[in-house]
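A note on names: the letters A, B, ... follow the listed sequences, proteins ahead of strands, and every chain is numbered from 1.
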There are 2 protein chains.
Amino acid sequence: MSRSTMRSRAVPYRPRTLAPIERVPGLDYDVLDELLGYSLRRAQVAMFLAFAAATRGLDITPPRFTALVVIGANPGINQSVLGRVLGIARSGAMALADWFEARGWVERRRRSDDGRAWGLHLTRRGERLVAAMKERVRRHDRRRAAVLTAAERRELVRLLEKLAG
Amino acid sequence: MSRSTMRSRAVPYRPRTLAPIERVPGLDYDVLDELLGYSLRRAQVAMFLAFAAATRGLDITPPRFTALVVIGANPGINQSVLGRVLGIARSGAMALADWFEARGWVERRRRSDDGRAWGLHLTRRGERLVAAMKERVRRHDRRRAAVLTAAERRELVRLLEKLAG
DNA sequence: GCGACATTGTAATGCTCTATAACGATCCCG
DNA sequence: CGGGATCGTTATAGAGCATTACAATGTCGC
């Protein structure tokens, strides 16, 4: 099998400095300020910045983080399901798994119930890393969300879930 | 260090897929359900689907829509400022302007106050198109948001604004 | 005015993420 | 058993963005 043909990145890791979208003073934003989609986008920027701060130096992105958390909480999950969770194609989920495996965070194990599928599992090292990562992300998320009261926070999550369907 | 030399990376503006993020039954989402960032992301996908429905057949994306609205509301805006509004580099703003110009929606005009800059303006045709587009997007945005009551919608916007800071 | 530096538009280049399509292996079901 | 679905995999293509470099133009300190 040629999964050993690992996809290599020419540039291993480049730290990224993140900047918020500028709210240019004096500019007319017209209809944008009425759109829920645009409000969501702006709020997402704020939370994304918190995420970036939490994962600085780890070469982690939101999809990668989501994948690691889901693998950790659902050992043996296969790549197709992972792709559905992330909303990406199987091929993309596989590239993710390769990437994790190359770092020794995740390993593939044969599944007894399905000869086609590989089960994804965190390694010891992956578990330690994900645990630390989750803690840092949660802390930053809460800190950023601290502009809201606890009740507001709960209400916001409720409304977002309702919206997401 | 000047702002122009600061590295920045645009926060993903929109899901790059039209597929909704599946909520796989029986799967453990662990810490994700506590994270505001994740809830925001899922809600954003839902609103993006509304946007996609509104602009179907127009070959429009959220950045393009934002750019057109901003150009329409701020005639003569230059490409650097447009880039800052969108959170992308000048070169990207330029590619956008090229794209609009090729379709005859936007034209560049020399600015009397700055010999380096080009002012961006909607053409007649661009104006008609943007007006129609704004109406459609607004309608779909409201329709998708209709899963919320009017009061909930107002509250959501308030919380999002507070979060976006 | 002059000179250093900043800013604008532009072009070239490369990377990352994602989709799509194809394929063999395996599973499921009638 | 046989046809179709599913899984992992590979290859390929394209969108979107950053980065870098450059010339033209603007700005500011002196």
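- For the pair B:Trp99 CH2 and C:dG9 C1', the interatomic distance rounds to 21 Å; values are reported in whole Å.
- Not one N or O on the side chain of B:Arg42 forms a donor-acceptor pair closer than 3.5 Å with the backbone of B:Tyr38.
- When the shell of 6.0 Å around CZ of B:Arg124 is examined, it contains 12 or fewer heavy atoms from other residues, nucleotides or ligands.
- Contact annotation: side chain of A:Ser91 to base of C:dT20, donor-acceptor pair present below 3.5 Å.
- Rounding to whole angstrom units, CG of residue A:Asp98 and C1' of D:dG8 are separated by 10 Å.
- Spacing between atom CG of A:Leu96 and atom C1' of C:dC17 amounts to 10 Å, rounded to whole angstrom units.
- Rounded to whole angstrom, the span from the CG atom of A:Asp114 across to the P atom of C:dC28 amounts to 7 Å.
- Residue B:Arg116 is the one, among B:Arg116 and B:Met94, whose nearest nucleotide of DNA chain C lies closer to the 5' end (criterion: closest heavy atom).
- Closest approach to the A:Arg90 side chain among C:dT8, D:dC7, C:dT10 is made by D:dC7 (side chain taken as heavy atoms from C-beta onward).
- Side-chain proximity of A:Asn78 to C:dG9, D:dC7, D:dA18: nearest is D:dC7.
- Take A:Arg154 and apply the side-chain hydrogen bond (donor to acceptor under 3.5 Å, both in side chains) test, not counting sequence neighbours, and it matches no residue.
- B:Ala89 comes within contact range of at least one nucleobase, with a heavy-atom separation under 4.0 Å.
- For C:dT10, one of the phosphate oxygens OP1 or OP2 lies less than 4.0 angstrom from a side-chain nitrogen or oxygen of B:Trp118.
- Among the atoms of the strands shown, none is found under 4.0 Å from any heavy atom of A:Gly92.
- Nucleic acid contact for A:Arg111: none, since no nucleic acid atom lies under 4.0 Å from a heavy atom of the residue.
- OP1 or OP2 of C:dC17 sits under 4.0 Å from a side-chain N or O of A:Arg64.
- In the helix from C:dG1-D:dC30 to C:dG30-D:dC1, the rotation axis of the first five pairs and that of the last five pairs differ in direction by 40°, rounded to 10 degrees.
- A:Leu36 is connected to B:Leu163 through a chain of hydrophobic side-chain contacts under 4.5 Å among Ile, Leu, Val, Met, Phe, Trp and Tyr, so both are in one cluster.
- Side-chain N/O atoms of A:Gln79 include none lying less than 4.0 angstrom from OP1 or OP2 on D:dT6.
- Regarding A:Ile60, its CD1 atom lies at a distance of 11 Å from the P atom of C:dC17, rounded to whole Å.
- Residue contacts shown for B:Arg110 are absent, as no nucleic acid heavy atom lies under 4.0 Å away.
- Under 4.0 Å is where a charged nitrogen must lie from a carboxylate oxygen, and between A:Arg158 and A:Glu161 no such pair does.
- The backbone N or O of A:Val24 lies less than 3.5 Å from a partner atom in the side chain of A:Tyr29, making a donor-acceptor pair.
- Ion pair B:Asp141/B:Arg153 flagged as a salt bridge, since at least one NZ, NE, NH1 or NH2 atom sits closer than 4.0 Å to an Asp/Glu carboxylate oxygen.
- As a whole-Å value, the separation of A:Leu82 CG from D:dT9 P is 13 Å.
- Taking atom CG of A:Asp59 as the reference point, atom P of C:dC15 lies 15 Å away to the nearest angstrom.
- For A:Leu159, the side-chain contact (heavy atoms from CB on, under 4.5 Å) criterion is met by A:Glu155, B:Leu148, B:Glu152, B:Glu155, B:Leu156, not counting sequence neighbours.
- Across the protein-nucleic acid pair, B:Ile88 atom CD1 and D:dA18 atom P stand 7 Å apart, rounded to whole Å.
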